[in-house]
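Keep in mind it's a predicted model, so treat the numbers as computed, not measured.
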Amino acid sequence: MTDTKTPAAPSRRFGGLAVYGERRPMAMLLLGFAAGLPNLLIYDTLSAWLRDAGVTLEMIGFFALATLTYALKFVWAPLLDRTNIPGLTRWLGHRRSWMLATQVVIIAGLWLISGSNPQTSLGAVAAFAVMVGFFGATQDIAIDAWRIEAVDDSRQGAMAAAYQLGYRVAQIVAGFVPLALAQFYNWNLSYAIMAALMGVGVMGVLLAPREKQHVVRAIPVSDIPSRPVAEKIEWVLRIGLIFVAAVLIGTGLTDKIDAFAWAFGAVLPEAALGALSAGLAESGGGGVLIQFAWIVLGFGLLFFACAPVPGWRSRPGAYLAGSFGAPLKDFFVRFGKLAGPILALICLYRLADFVLNIMNPFYIDLGFSLIEIGEVRKLFGVVAMSLGVFIGGWSVARFGLIRTMVVGAFMSPVSNLVFAWLATQGHDLTALFVSIGVDNLATGYAGTALIAYMSSLTSIGFTATQYALFSSLYALPGKLIASQSGKIVEASARAADAGGPLGALKGLFHALPPESLVAGAAKSGVSPAGLGAGYVTFFLYSTVIGVFAIVLAFYVAPRHARLIAEQKKAASQDEPSGA
């Protein structure tokens, strides 16, 4: 991954725990906090302020577009791999200079929001939110690249764990502190304090050691004749196509027409936009296929925008092909036939987790109150997940990256079985604690394992681009099929009520507390026992789809380990004998 010089491996005496006391993970904790803070502030928390100010729900929905930049950051990630910031890069180094520059803009954006009034300047608030979202996503690119390049593979687990811990603390702060301050003071003060809290990220940049000298990989264009006027026109056309591609991908990822309507509503008939929106909103499998079509079309257009024109060599074509194509080519050259299975593993690794998008309705159907759900999920659940994150980082340092990745592949699907058990217990607070504790522990471990593994797949010079692409891909299948979760539960419940194989599961629900599943069953038009059978079927389904990741992990792990050994052997043979 990187040849950055790092401290010696952590002492076995401490079983890998000593790595957490090093300077880099400590800096990573602060940078993780800086990464997590803007994301929640520009939509989730901001939507509470907007509603409090009397903004319509329809208008608030458009603010979700500000968060779309996080899903599309791979589009401009090559810029961070190939561009220095004058003066700042010489002082701080390539990655740290980008981190600091983006943090300054984020602080300015939050400060400008704090000085605004949504009732009189909603457009300005929207513009500032988009600014914070774009530079927040750009900060993520720089932080991820520094995290990967600053340490060797044995420390990637600790760095991923520190990042996740800092990120989750920031989400708790951004989700609670502004609301509390607004309750007792006002929203303007709350956002001003959030802007000040971004100073934690600045401290992280200054604490972070400088990574090894970044070398921008050259794109040879000296043999291509210069055509200044034609090149300017070509740049405008290609960048325009990239923008359209990003809108198409974003529309498919969010299954909402808002971004597309914002970009092209002025030139498309309202009837056409309505038809496109209806297709995305379709509840059946057709809606998923339409989402997938938007995404495929977007990536196809992105490839077209960056590919050289046959028979026409131009500098814009060479630059874009080198910026986007070279990182992909590097990955496929390094991993050969294993590249496809590795990408499939990344896409499927957390799939069993991502389909669990109906958990709050599940808890409510079991009879738990909102306070019980909030206390267990947001308080105890965060502690359990943090413990899983910590153990995942320790596991990478102690047992190695590949073994940890394989163990993590088991975590999500196996832990989902505990929810099938919870369904049979009904409104039992102890069972809720056990279920959420087991699931969050597993989620923290698996998340750390995946981040560390994806980090190990990048190469120097392409770190930002490759990791941004991996991080965008890994959630893609889950976003597409999670929309079917509720349909699976209700269809399975109706099938159980009708008899047949699923009907046998109804026997598990004869002794439930009286408040469990009754209200939910009435809403879905099924019996309480049938709804319970539907939930059990869904959790078994989520476990089964996780098996694909387990199989892929067992396939990839020995081959990846063998490839690493071969590459190290080849590298040692290439070294001069006197080295």
Side-chain angles (χ1 to χ4, degrees), residues 1 71 74 77 144 148 153 156 160 249 252-253 285 288-289 291-300 302-303 324-325 327-356 392 401-416 442-443 445-459 462 465-484 541-564 566-567:
M1 175 202 65
F74 65 89
D144 285 332
I148 294 167
D153 285 351
Q156 285 301 334
I249 296 170
L253 288 174
V288 174
L289 293 176
Q291 280 185 258
F292 186 68
W294 280 82
I295 293 170
V296 170
L297 182 62
F299 275 108
L302 181 63
F303 173 80
F324 285 90
L328 286 174
K329 181 180 178 181
D330 168 82
F331 174 76
F332 281 96
V333 167
R334 283 187 297 118
F335 291 99
K337 295 180 179 179
L338 196 58
I342 287 175
L343 290 178
L345 176 60
I346 290 173
C347 289
L348 298 179
Y349 196 86
R350 298 288 306 281
L351 187 58
D353 272 341
F354 290 142
V355 297
L356 301 184
L401 182 58
I402 301 298
R403 289 181 180 178
T404 301
M405 180 271 291
V406 173
V407 173
F410 278 92
M411 289 291 193
S412 295
V414 172
S415 68
N416 286 0
T443 298
Y445 185 101
T448 301
L450 180 60
I451 291 174
Y453 182 66
M454 291 193 301
S455 301
S456 74
L457 301 174
T458 63
S459 15
F462 298 135
T465 304
Q466 289 174 341
Y467 189 84
L469 183 60
F470 295 152
S471 62
S472 294
L473 282 177
Y474 93 93
L476 182 56
K479 287 179 179 292
L480 291 175
I481 71 171
S483 61
Q484 304 301 301
Y541 150 80
S542 71
T543 299
V544 169
I545 63 174
V547 171
F548 293 104
I550 295 174
V551 172
L552 272 171
F554 274 110
Y555 177 85
V556 168
R559 291 165 176 79
H560 193 172
R562 188 160 55 247
L563 181 62
I564 291 173
E566 291 172 356
Q567 290 174 345

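The closest side-chain heavy-atom distance from R334 to S459 is below 4.5 Å. In this structure, L338 and Y555 have side chains that are in contact, with non-hydrogen atoms separated by less than 4.5 Å. Between F74 and I249, some side-chain heavy-atom pair lies under the 4.5 Å cut-off. I342 places none of its side-chain heavy atoms less than 4.5 Å from the side chain of L552.
Counting non-hydrogen atoms of neighbouring residues, nucleotides and ligands closer than 6.0 angstrom, the CZ atom of F548 reaches no more than 12 such neighbours. The number of heavy atoms from other shown groups lying within 6.0 Å of CZ (F299) is above 12.
Within the model, atoms NE2 of H560 and CG of L401 stand 7.5 Å from one another, a figure rounded to the nearest 0.5 Å. Distance check, rounded to the nearest 0.5 Å: OG of S471 to CG of L450 gives 10.0 Å.
Residue S542 is tested with D353, L351, V355 for a side chain to side chain contact (heavy atoms under 4.5 Å, CB included); the sole match is V355. Just one of T448, L345, V406, T404 meets the side chain to side chain contact (heavy atoms under 4.5 Å, CB included) condition when paired with Y453; it is L345. For the side chain to side chain contact (heavy atoms under 4.5 Å, CB included) with L469, the qualifying choice from I346, L328, T458, L343 is L328, the only one to do so.
In plain terms, the two heavy atoms of Q156 and I148 that are nearest each other are NE2-O, 3.1 Å. The two residues G447 and R350 come nearest to each other via the heavy atoms CA-NH1, 3.5 Å. Scanning all heavy atoms of the two residues, the minimum distance from F462 to P327 falls at CD2-CG, 3.6 Å. Smallest separation of non-hydrogen atoms from T543 and P413: OG1-O, 3.0 Å. In terms of heavy-atom proximity, Y349 sits nearest to A409 at OH-N, 3.0 Å.
Between F410 and F554, the ring center distance clears the sub-6.0 Å criterion.
Partners of T443 under the side chain to side chain donor-acceptor pair (under 3.5 Å) rule, at least two apart in sequence or in another chain, do not exist in this structure. When the side-chain contact (heavy atoms from CB on, under 4.5 Å) test is applied to I451, the partners found at least two apart in sequence or on another chain are R147, A160, Q164, S455, Y467.
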